[in-house]
J.: 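The following block contains the structure, expressed as structure tokens.
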Amino acid sequence: MSVRDIRLLGDPVLRTVADPVATFDRELRRLVDDLADTMREAGGVGLAAPQLGVSLRVFTYLDDSDEVGHLINPVLGPFSEDMMDGEEGCLSLPGLAFELRRPERVLAVGQNAHGDPVTVEGSGILSRCLQHETDHLDGILFIDRLDKETKRAAMKAIREAEWANEPKPTVKVSPHPLFGRGR
Ligand code: NI
């Protein structure tokens with residue numbers, strides 16, 4: 001088991017567009033395991049690789065039977081026209097949750113850690129999770145999608161959050177052949 005530190009809002013890796021995964025090797029499977037372990041430990045329903053400081057298009061999620069799934073190089077769509085309301089949070093903004101309207105269902109296609117094609121159909125919480133985690137891979141955070149009024153409240157809560165005043169790490173260059181984007 002390998003639980004790693006979760007990067008917080010303000011870390012530039014969370015604002016970086018992650019690179020597609022091209023090599024499906026043991027290192028990648030270790031990354032998926034670390035994501036799964038860290039997500040479980042933190043009590044989250046999803047965790048994207050940039051949140052561990054790895055700028056690659058990989059995330060883990062909790063499915064409808066509470067099993068951990070993972071998706072690599074995900075592409076979303078189509079989205080349902082039906083929308084759902086609900087609160088959303090993020091492990092990179094600990095302790096905060098805000099109302100965010102999202103499409104109620106979405107289809108995600110991508111690959112598993114062996115490079116095989118996979119399709120995940122999400123509704124409700126899983127749909128929200130697939131959208132939230134895929135956004136992470138594009139450097140987008142859920143607070144970016146809040147309506148104007150909620151966003152104002154969110155920015156105030158963030159300024160008052162204890163973790164917001166911690167020093168911000170910089171992206172480090174790693175000698176690692178696969179994760180050489182700072183980890
Ligand atoms: Ni998140």
Side-chain angles (χ1 to χ4, degrees), residues 2-21 31-64 66-76 79 84-106 108 110 120 122-147 150-151 153-164 166 168-169 171 179 181-183:
S2 192
V3 172
R4 292 165 60 173
D5 288 341
I6 296 175
R7 304 299 181 94
L8 301 177
L9 176 70
D11 190 315
V13 73
L14 295 176
R15 292 308 197 177
T16 303
V17 177
D19 292 324
V21 169
L31 171 63
V32 169
D33 287 345
D34 287 357
L35 282 166
D37 291 343
T38 307
M39 182 183 81
R40 282 265 194 219
E41 174 80 10
V45 295
L47 189 65
Q51 294 179 278
L52 294 186
V54 180
S55 198
L56 284 173
R57 305 188 76 80
V58 184
F59 66 75
T60 52
Y61 62 91
L62 219 50
D63 73 13
D64 295 331
D66 272 359
E67 298 288 324
V68 177
H70 67 275
L71 203 54
I72 292 162
N73 299 332
V75 177
L76 297 189
F79 298 85
M84 62 181 166
D85 293 310
E87 282 208 327
E88 192 162 321
C90 179
L91 293 173
S92 293
L93 288 78
L96 302 180
F98 303 99
E99 277 290 325
L100 177 55
R101 201 174 172 81
R102 294 230 193 223
E104 196 176 356
R105 293 178 307 282
V106 71
V120 184
S123 65
I125 291 170
L126 181 54
S127 169
R128 186 177 289 282
C129 175
L130 294 169
Q131 295 174 60
H132 178 117
E133 300 312 326
T134 302
D135 271 351
H136 269 301
L137 308 183
D138 291 323
I140 297 168
L141 298 173
F142 82 106
I143 48 171
D144 304 342
R145 296 194 180 276
L146 301 177
D147 66 47
T150 310
K151 179 147 188 184
M155 295 321 286
K156 183 169 186 289
I158 287 165
R159 278 194 301 274
E160 289 166 0
E162 221 170 275
W163 47 262
E166 286 172 18
K168 306 290 184 275
V171 176
F179 306 145
R181 294 158 196 89
R183 56 184 300 196

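What you see is a predicted model; the values in this text were computed from it and never measured. One-based numbering, in listed order, for ligands and for the atoms of each.
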J.: What are the protein N/O/S atoms, named by residue and atom, that sit under 2.8 Å from the Ni ion (ligand 1)?
T.: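 The answer, once waters are left aside, is Cys90 SG, His132 NE2, His136 NE2.
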J.: What I want to find out is whether Asp138 reaches Arg57 closely enough, with some N-O distance under 4.0 Å, to be called a salt bridge.
T.: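 Counted as a salt bridge, because a side-chain N and a carboxylate O are separated by less than 4.0 Å.
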J.: Kindly write out the residues that satisfy ring pair (Phe, Tyr, Trp, His ring centres under 6.0 Å) with His132, not counting sequence neighbours, or none if the list is empty.
T.: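 Result, ring pair (Phe, Tyr, Trp, His ring centres under 6.0 Å) vs His132: His136, Phe142.
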J.: Can you confirm whether more than 12 heavy atoms, excluding those of Asp85, are under 6.0 Å from its CG atom?
T.: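 Atom CG in Asp85 is packed in, count exceeds 12.
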J.: Is a side-chain N or O of Thr134 found less than 3.5 angstrom from the main chain of Val75, in a donor-acceptor match?
T.: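 Side chain of Thr134 to backbone of Val75: no pair is present.
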J.: Do Gln51 and Ser92 have side-chain N/O donor and acceptor atoms under 3.5 Å apart?
T.: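 Yes, side-chain donor-acceptor contact under 3.5 Å.
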J.: Which heavy atom in Leu47 sits nearest to a heavy atom in Leu91, and how many Å separate them?
T.: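 Heavy-atom minimum between the residues: CD1-CD1, 3.9 Å.
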